[in-house]
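Below you'll find the structure, written out as structure tokens, and then a few comments.
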Amino acid sequence: MKNGMIWGMAAAFWLLLNGSASARDKYFKRFPEEASPKNIGMSLVGRFLVSEHMLHGKKWIHYAEVCTWYGALRYARATGDTVLVRRLRNRFEPLFAEEKNYLPVKNHVDLNMFGCLPLEFYRITGDRRYYELGLPYADTQWALPEDVTPAQKAWADRGLSWQTRLWIDDMFMITIVQAAAYRVTGDRRYIERAAREMAVYLDSLQRPNGLFFHAPDVPFYWARGNGWMAAGMTELLLSMPDDVPERERILAGYCLMMKSLLDCQSENGMWNQLVDKADCWPETSGSAMFAYAMITGVKRGWLDARVYGPAARRAWLALVSYVGDEGEVREVCVGTNKRNDLRYYYDRPRVAGDYHGQAPVLWCACALLEE
């Protein structure tokens, strides 16, 4: 808590000195045409609208598609594009009918996070169907199932989600749906339990340098894994009231991570597949998540604009060079399970147009456009 108080005071100090709109605009306005957040965002959304569903286990809407869809909605809201909202609704409408079997079951963090999407639709449209579809995904993360295991019950007995695994990507998957539930209901139960969860993950998994191993038994700083944590802390801080007890702890963890990421950023603005390995290849999904966290932190005054503003701008300008003419983001690491083998991470295949990469680049465009 002492460190959290120090970081909280530091964030407030930098907000006073550097949090003005003019300081932020110095870095996040006046991009060259080819790097326009509005144009890049529309290119990514346009590709999404004509893309097929990505299915988890060939059954349910995949979390990476949810992340992209969620970003497209944020983009529509940021640009005031009501026609785009309607097109995104048209894509969703079959999930109420002939594609209903694609709705994820509610038994895993990667599946429950789907709820953030209909809840965001509800926030924009007021259509009650989205609320009724989305909220149970948040509620069931804390409601014990009949087949609960002893380990899952032990987490629940601590006030945490029974879906707790201490995998770093959980801290986006749990955070995003709980924060969405809080935003549409105003019920602090959702944001407070997500904050408790995040504090436990930080205390359990964050390394002294601020980064995160892919797993406790896999001592490598994989970019996208760390990206989920950076984005998750960002989403939680965006929604969390100032008086939530864990806020200072989470802000401390966030600031410590951003400092390490600043030190690891390449000269070209990107971060590598293994964040701390200079000889590893630049990877877009993790880089975009880090850029999103920094852009948001500068805009919200959590980070020193004079230090992190140039880094975030450099990252965005680097990322747009990986977006193709058809809106496909290149150099995206494929889905990756943990393995205690350094070579495994160096040699992971790279793909283009995968939702794992499309989503966070779109989030960056939204963060740059949003006030």
Side-chain angles (χ1 to χ4, degrees), residues 44-77 84-143 145-147 161-163 165 167 169-170 172-181 184 224 228 231 235 285 327-329 332 334-337 351-360 362-363:
L44 296 171
V45 173
R47 181 181 180 86
F48 172 72
L49 285 167
V50 298
S51 298
E52 296 181 354
H53 286 311
M54 179 179 182
L55 299 180
H56 179 102
K58 300 182 180 180
K59 293 181 180 180
W60 307 298
I61 298 293
H62 195 281
Y63 68 79
E65 179 178 349
V66 175
C67 290
T68 310
W69 212 331
Y70 179 81
L73 270 178
R74 283 182 62 176
Y75 176 85
R77 188 175 68 246
L84 178 55
V85 172
R86 185 167 65 250
R87 294 179 70 189
L88 292 166
R89 291 189 72 176
N90 289 342
R91 180 180 171 103
F92 195 98
E93 194 63 25
L95 291 172
F96 288 116
E98 66 268 23
E99 292 182 354
K100 192 173 183 179
N101 59 306
Y102 288 164
L103 293 174
V105 295
K106 305 176 184 72
N107 64 4
H108 192 280
V109 288
D110 290 348
L111 300 174
N112 276 70
M113 69 84 59
F114 172 83
C116 73
L117 181 57
L119 291 175
E120 185 68 7
F121 267 113
Y122 172 71
R123 193 156 75 108
I124 292 173
T125 68
D127 186 334
R128 190 74 181 181
R129 295 180 304 160
Y130 294 117
Y131 180 94
E132 293 172 354
L133 176 61
L135 199 61
Y137 283 94
D139 290 337
T140 52
Q141 279 194 322
W142 260 259
E146 291 183 0
D147 60 348
S161 171
W162 65 272
Q163 295 181 357
R165 307 177 298 174
W167 289 27
D169 49 331
D170 297 353
F172 183 84
M173 307 305 170
I174 291 176
T175 291
I176 194 67
V177 65
Q178 297 300 319
V184 301
R224 188 159 69 238
W228 289 123
E235 291 295 329
S285 68
E328 75 281 12
V329 177
V332 181
V334 298
T336 296
N337 288 319
V351 292
D354 185 281
Y355 285 141
H356 286 94
Q358 300 294 118
L362 185 52
W363 300 343

Minimum side-chain heavy-atom gap [X]-[Y] below 4.5 Å:
X	Y	value
Tyr122	Leu135	no
Val105	Trp60	yes
Pro104	Tyr137	yes
Leu103	Leu133	yes
Leu73	Leu84	no
Tyr131	Val184	yes

Could you give the side-chain donor-acceptor pairs of residues 65-72 under 3.5 Å, partners two or more places apart or in another chain?
from	atom 1	to	atom 2	distance (Å)
Glu65	OE1	His53	ND1	3.4
Glu65	OE1	Met54	N	2.8
Glu65	OE2	His53	ND1	2.8
Glu65	OE2	Arg91	NH2	2.8
Thr68	OG1	Ala64	O	2.9
Tyr70	OH	Arg183	NH2	3.0

Aromatic ring centroids of Tyr355 and Tyr63 under 6.0 Å?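 That pair fails the under 6.0 Å test.
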One pair to check against side-chain contact (heavy atoms from CB on, under 4.5 Å): Val332 and Arg224. What are the steps and the verdict? CA-CA 9 Å; Val332 181; Arg224 188 159 69 238; 4.0 Å; yes
Partner residues of Pro136 under the side chain to side chain contact (heavy atoms under 4.5 Å, CB included) criterion, sequence neighbours left out: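 Partners of Pro136 by the side chain to side chain contact (heavy atoms under 4.5 Å, CB included) criterion, ordered by chain and then number, come out as Lys106.
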Side chain to side chain contact (heavy atoms under 4.5 Å, CB included) involving Trp167 - partner list, sequence neighbours excluded: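 Result, side chain to side chain contact (heavy atoms under 4.5 Å, CB included) vs Trp167: Arg165, Asp169, Asp170.
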For Arg74, which residues count as a salt bridge (Lys or Arg N to Asp or Glu O under 4.0 Å) partner, sequence neighbours excluded?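 In terms of salt bridge (Lys or Arg N to Asp or Glu O under 4.0 Å), with neighbours along the sequence ignored, Arg74 is linked to Glu235, Glu370.
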Would Asp127 and Arg89 count as a side-chain contact (heavy atoms from CB on, under 4.5 Å) here? Give the steps. CA-CA 11 Å; Asp127 186 334; Arg89 291 189 72 176; 2.8 Å; yes
Let me confirm one number: the [atom1]-[atom2] distance from [X] to [Y], rounded to the nearest 0.5 Å.
X	Y	atom1	atom2	answer
Ile61	Met113	CD1	CE	12.0 Å
Gln358	Leu44	CD	CG	5.5 Å
Asn101	Leu55	CG	CG	9.0 Å
Tyr102	His62	OH	NE2	14.5 Å

Ignoring hydrogens and geometry, is there a side-chain-to-backbone donor-acceptor pair from Gln178 to Ala138 under 3.5 Å?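 Checked: pair present.
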Taking Gln141's backbone N and O only, do any of them form a donor-acceptor pair with Gln163's side chain (distance below 3.5 Å, no angle check)?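 No, because the side chain of Gln163 does not come within donor-acceptor range (under 3.5 Å) of the backbone of Gln141.
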Is the number of heavy atoms from other residues, nucleotides or ligands under 6.0 Å of Asn337 CG greater than 12?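 At most 12 heavy atoms, drawn from other residues, nucleotides or ligands, come within 6.0 Å of this atom.
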side-chain contact (heavy atoms from CB on, under 4.5 Å) between Leu119 and Arg123, intermediate numbers included: CA-CA 6 Å; Leu119 291 175; Arg123 193 156 75 108; over 6 Å; no
Grab the two heavy atoms, one from [X] and one from [Y], that are nearest each other, plus how far apart they are.
X	Y	answer
Met173	Val109	CB-O, 3.5 Å
Pro118	Tyr130	O-CB, 3.0 Å
Val334	Thr336	O-OG1, 2.8 Å

The criterion is side-chain hydrogen bond (donor to acceptor under 3.5 Å, both in side chains); which residues satisfy it with Arg86, sequence neighbours excluded?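 With sequence neighbours excluded, Arg86 shows a side-chain hydrogen bond (donor to acceptor under 3.5 Å, both in side chains) to no residue whatsoever.
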I'd like to check the side-chain hydrogen bond (donor to acceptor under 3.5 Å, both in side chains) partners of Asp110; sequence neighbours left out, ordered by chain and number.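 So Asp110 forms no side-chain hydrogen bond (donor to acceptor under 3.5 Å, both in side chains) with any residue.
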cation_pi(Arg129, Phe96) dist<6.0 Å, angle<=45: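 Yes, Arg129 sits over the ring of Phe96.
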Should Leu362 and Val329 be marked as a side-chain contact (heavy atoms from CB on, under 4.5 Å) after you check the CA-CA gap, both sets of side-chain angles, and the distance that decides it? CA-CA 10 Å; Leu362 185 52; Val329 177; over 6 Å; no
Is the ring pair Phe172/Trp228 parallel, tilted or perpendicular, if the boundaries are 30 and 60 degrees?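 Because their plane-to-plane angle lies in the 30° to 60° range, the rings of Phe172 and Trp228 count as tilted.
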Apply the side chain to side chain donor-acceptor pair (under 3.5 Å) test between Asn112 and each candidate in Thr140, Asn107, Asp139; give the one that qualifies.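 Only one option passes, and that is Thr140.
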